[in-house]
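Heads up, the thing below is written out as structure tokens.
Atoms within each ligand, like the ligands themselves, are counted from 1 in listed order. This structure is a prediction, so every number in the text was calculated from the model and none was measured.
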Amino acid sequence: LPTYRFVIVDRRARVGLITLNRPQQLNALCDELVSEIGAALDAFEADDSIGAIVITGSAKAFAAGADIAAMQALSYIDAYRGDFITRNWERVKTCRKPVIAAVAGYALGGGCELAMMCDFILAADTAQFGQPEIKLGTLPGAGGTQRLPRAIGKAKAMEMCLTGRLMGAEEAERAGLVARVVPADGLVEEAIAVATKIAANSLPVAMMIKEAVNRAFESGLQDGLLFERRTFHASFGLEDQKEGMSAFLEKRPPVFRHR
Ligand code: CAA
């Protein structure tokens, strides 16, 4: 596995693990760090033996946001021409394999946005989410004003973005921002266990499910239902569908070929 400056890449059987590692800055998401996440995702995406990916940070911070030191003097023309900040962030969203964010500690600003770009968030009981950009004289720039309301509704999203207050793990679970809350010391192992379960299934089916669920946020209901129906029909062209249903009828565990 390659080595990077700001991320640590590891694997556990069929699960790829990306650990943000810029501890002195609480994993502030400088350009190089985000590019390295992209490179690590490229490698896992290209590796047929990887079926799901976990992105995590440290016990104190998943990520405390975009790098304020790098942004402070940025001009409008630099920001605009460089397509700051999503230029290299969208790679997380375009990853076709399932990606879980395992969040402990601070997930603020771009850190919260990065977590929301993943397919779902598993939170430690220590997790704190927030979009505090307003306190810096700017606004969320990597999806916070769009993904947060879709996740938790307008009232809470508007309140969080307008006040910059933090939301703890329990509230985040109640609000629908995170799939589940687990004790902090077991977070990464639990995320790997969930990813391992996902990666035991048919990968093309997991990819189809991911595309279909994402459609729910990108289209109207009729278009989304049509996309689901056609993708469901397409699944009948997969050997893994024959295997999955045969295994059920024969009362044995399935052995998926296209993992
Ligand atoms: N960018 C750059 N450096 C950061 C940083 C960030 N987002 N967050 C923390 N750091 C640095 C601090 O400057 C500090 O560095 P020094 O030791 O050199 O002083 C170090 O990390 C440790 O941070 P603190 O001393 O502040 O730690 P703390 O425990 O007292 O506080 C915190 C933790 C509440 C998370 C606090 O660090 C904080 O408020 N960070 C900024 C959070 C924020 O505003 N994020 C939004 C950024 S804007 C954005 O993300 C735009 C977007 O939508 C893409």
Side chain proximity check, I121 to F129, heavy atoms < 4.5 angstrom: yes

Do W89 and L29 touch side chain to side chain, with heavy atoms closer than 4.5 Å? yes

Distance-only, no hydrogens or angles: does the D240 side chain make a donor-acceptor pair with backbone N or O of H258 under 3.5 Å? yes

What's the separation between atom CG in D42 and atom CD1 in I37, rounded to the nearest 0.5 Å? 12.0 Å

Could you measure the distance from the OG1 atom of T126 to the NZ atom of K60? Nearest 0.5 Å is fine. 12.0 Å

Give a yes or no on whether the ring-centroid distance for F236 and F232 is below 6.0 angstrom. yes

Close N/O pairs between ligand 1 and protein, under 3.5 Å:
from, atom 1, to, atom 2, distance (Å)
ligand 1, 1 (N), A66, O, 3.4
ligand 1, 1 (N), I68, N, 2.9
ligand 1, 7 (N), A64, O, 3.0
ligand 1, 7 (N), A66, O, 2.9
ligand 1, 21 (O), Q24, O, 3.3
ligand 1, 29 (O), K60, NZ, 2.6
ligand 1, 45 (N), A64, O, 3.0
ligand 1, 50 (O), A66, N, 2.9
ligand 1, 50 (O), G110, N, 2.8
ligand 1, 53 (O), E113, OE1, 2.6
ligand 1, 53 (O), E133, OE2, 2.7
ligand 1, 53 (O), G141, N, 2.9

